[in-house]
Each structure stands twice: as C-alpha cells, then as structure tokens.
Amino acid sequence: MTTTITVLGAGYVGLSTAALLAQAGFKVYLVEPNPSRLDTIKQGRSFFFEAGLDPIIKLGIDSGNLLPTDSYNIGVPESDFVFSCVGTPDNPDGSSNLAYVYDAAKSAAKLMKPGAVFIQKSTVPVGTGKKIIEKLGLEAGSYISNPEFLREGTALQDTLWFDRIVCGGSDESVLTRVAELYKALEAHRDTIATAAGIEIGSINGSYIATDLNSAELIKVTANAFLALKISFANSIAKLSDAVDADINGIMDAVGADKRIGRAFLNAGRGYGGGCFPKDVSGLISSGLEHGIDLEIMQAAQQVNESMPSYVIEKLKHQLGGNLSGKKIAVLGLAFKKGTSDTRKSPGVKIANLLNTFDVEVLAYDPQALEEAKQDLRRNVLLCTSIEEALVDCDAVVLATDWDELMSLPAQIFANHLNSGAVVIDAVNAYRNHIDLKNLGLDYIGIGR
Ligand code: UDX
C-alpha cells in the first residue's frame, strides 16, 4: 500500500520536502492556503526561485504524486504522516510567533487517523512540542520533532545529501518509521538529482534519534553557532581593518585547523535571511524564559546588526568623509546568492540606510527585485540591469555573492562608474579586484 503524506505549508521547506517525497514515490498532499501560490504550484512551478525545484514540482504534478490543495480535509485523514512546515514569523520582541504552528497542529490533530504521525519541521523554541502534545491531548509518541537543516539556494542538494537527519520523540518505533521515509528518499536521490538538474552529491549522512526537547534545541543551536562564527569573523574583520590585515587570509589560515573549519567564517555585511536572525533571537528568548542569559548570542546579534552601518561608514570614509549628493549603486538584494529571498537582507538594509542620507540609491539583483520592492524605501530606484545601476555612480556596494556579480569584468565597472569611484565589496568575494585597481577604481573589502 502506498504511504500517504500531507505536508502543511508550501514555503521553502514545505514545498521542497513535498516535491522530493513525491519523487520518492509517496503520495503527497501539499496544503497551501495562499490561492496565488497554490495556483502557481498546480501549474508545476515554484513561486520562489530555488535551483532544481521547478522540474520536480512539474514531474510530481504530472505523475499525480504531488497533490496541492488548500484544505486539510482532503489529505490529512488518509495520511500516515503529516509534516508541519508552516511559517514562524517574528514577534516584535524577537521571539517566534507560533500561531501558525499551533493552528496547524490543532487542525491536523482533529483529522488524523489512529497511528498517524505528526512531524514538526518548523523551527520552534525548545519546549514547544511538549506544550502542543499537552494542549491538544495528543498521544505523546505520535509527535516527532524533525528539524530542517536545508539552506535556501541548495535546498534539494541539502535534503538529498544531508549531514544528519534528527528525529526527536518518545516512541522508538515511530522514530524508526520516520527515518524510513528519509531512507526511501536516499535510495532515489541520484535519479531525483538528475531529474532536477542538480549535481549528484557524495555525503553519507547520519540518522540521529533523540528526545523531543533535544531535537528542538539541536536545530536552533546549530544555526546559532553558525551565526556566532560569522559574527566572530566580522569582529576580527573590524580589527583587521584597524591594523591593515586581510580577513580572508586570516580565516583561511584559522579555518585550516580542522578543529575550527573554514565554513561560515566569511566576513562582510553580516548574515540575513529567514533563519539566522530569528533563530538567534529565539534562542536568546528561550534562555531568558528559563533564567539563562545567553550573553554570547546577544553579542553575536549586536555585531551582526552593526555590519550594514559599518559598511556605510567605510564607504563614507573612502569617499572623503561625506556621502551627501553622491550616487551609489547597491548590487545584490537577496540575503545570499541562489535565492530570491530578501528577508532581513543586508543588501536591502544597506540600500535603505544609504537612502536616509542625501544619497541617490540605485539597486539591482538578478533574482530578488520583486521581493525586495516591499522592503525598500520608496526613493531607492530599482534597476533591471547592472549597467543601468552603475551609470555615473560615485560608488557601488556589492552586497550579495551572486556568481554573476563576483565574476563581473572590472571593465564593466570602469565603463559605467565615474572615474576614481569606490567599489566596496561587502561580501569579500569579488574576483577581479586587481583589474579594478589597474583601471583606476578604488576597491575595498570588509577587513581587507
Ligand atoms: C541557514 C542554515 O545554514 C540551514 O542549515 C538552516 O536550515 C536554515 O538557515 P540559510 O538561511 O538558507 O540556511 O542560509 P545560509 O547559507 O546559512 O546563510 C545565512 C546568512 O549568512 C546569509 O546571509 C549569508 O550570506 C551569511 N553568511 C554565511 C555570511 O555572512 N558568512 C558566511 O561565512 C556564511
């Protein structure tokens, strides 16, 4: 008998998970209340940009294995597993708003058949699973925390070639059943990657079974630690600037120590996105709830918040101490390459901050223009090409590490910018900076 699954919420996690599980041969209902998003998915496409996702959504829809719907009543009653992947927006105080998480659990619990398993994939503060079980009077063993570690931009790759699958709960046999789903996906991963047009990976990850609270804490702790690494690198970058050292070289050498590792030590304009900022503040809130002051995470958060203005201060200094009357382009509005997501994006923050001075700001992104619109100040001019953004500018900020920006020939900058203009590389990854200098432009990075 075919295993039936319902995935609640078609965000980055839900849509990727549903499309992948459908490719592994499961019958997958995907519940999405937003009519325009639902309609796009039904047409075999994603409503956001994620490499490889469109082809497998299309295959899922065409095969009938992926069944998008706006109703819990269609799929949940016949499902063996219900994955909850609903959003957890920020509360004004930085904690997570769990209204969708509770609503989804409540609505699903009413409809689930006996023996069905509820799998929480949304990132929730530690203790949430236990509260849900208690509040809804659920069978404790049927509720599993299965945190998601996929990154936007590499969502399919990360899910198919995972470092670890974490399942937390109180019933070992249920934990094993959930692990079996991922093993089925693992068995099909080469074929799925080929269908998606993404690279075949090589990691053989591990399966970790643990208790509910630990699973919830593993997720936020992992993200908080990565955020900490970035803020640490950014703190050293500021010192590097002060003593004329090179942060990239420093972190290459520091990261060569296998105990430390090079990943997530890239200094620049700081981290953004739907996860790190929220998970750091969520962890701080969880700590406070239990009387633990996570000062180290508060420091990481403060450093991160300081980075966009640090970038602007450096730029101002380079422009002779005055931004007034300048024309400045910001290239890169997505919070990182490979995504159209602009949530908490440093590029957007930098553009908006520049716009609070007497500066004409032009902005460009290869994928994120539409999503950036809602967060950008009205006076920031959106451009549809790099060239359009650069014309007659006194400076340009590179704010996202898109390959097409990082490999842009220096001549393009020289052809369009004013002579002697400043190129500030806020992601420390522009590859042709020597050519820029040879063409008479001023190049600076962060901590370089
Ligand atoms: C993150 C986690 O990596 C992932 O495991 C989890 O499931 C969700 O949160 P994501 O938010 O998609 O993934 O992006 P990630 O690649 O981790 O980057 C987050 C931010 O940190 C980006 O703004 C990125 O530009 C920035 N970053 C990353 C740095 O500034 N320096 C680095 O060295 C690495």
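We count ligands from 1, going down the list as the structure has it; atoms in each ligand are counted the same way. None of these values were measured; they are calculated from a predicted model.
Partner of F26 under the side-chain contact (heavy atoms from CB on, under 4.5 Å) criterion, out of D80, L21, L20, N65: L21 alone.
Note on residues 338-355: pairs passing salt bridge (Lys or Arg N to Asp or Glu O under 4.0 Å), not counting sequence neighbours, are D90-K344, E152-R343, D341-R343. The salt bridge (Lys or Arg N to Asp or Glu O under 4.0 Å) analysis of residues 117-128, with sequence neighbours excluded, yields the pairs K121-E148.
With sequence neighbours left out, E370 forms a salt bridge (Lys or Arg N to Asp or Glu O under 4.0 Å) with K373.
A side-chain donor-acceptor contact under 3.5 Å links S345 to the backbone of L333.
Sorted by chain and number, the residues within 4.0 Å of ligand 1 by heavy atom are E148, F149, L150, R151, E152, K219, N223, I230, F264, L265, N266, R269, G270, Y271, G272, C275, F276, F335, K336.
A 6.0 Å sphere centred on CD of E172 holds no more than 12 heavy atoms belonging to other residues, nucleotides or ligands.
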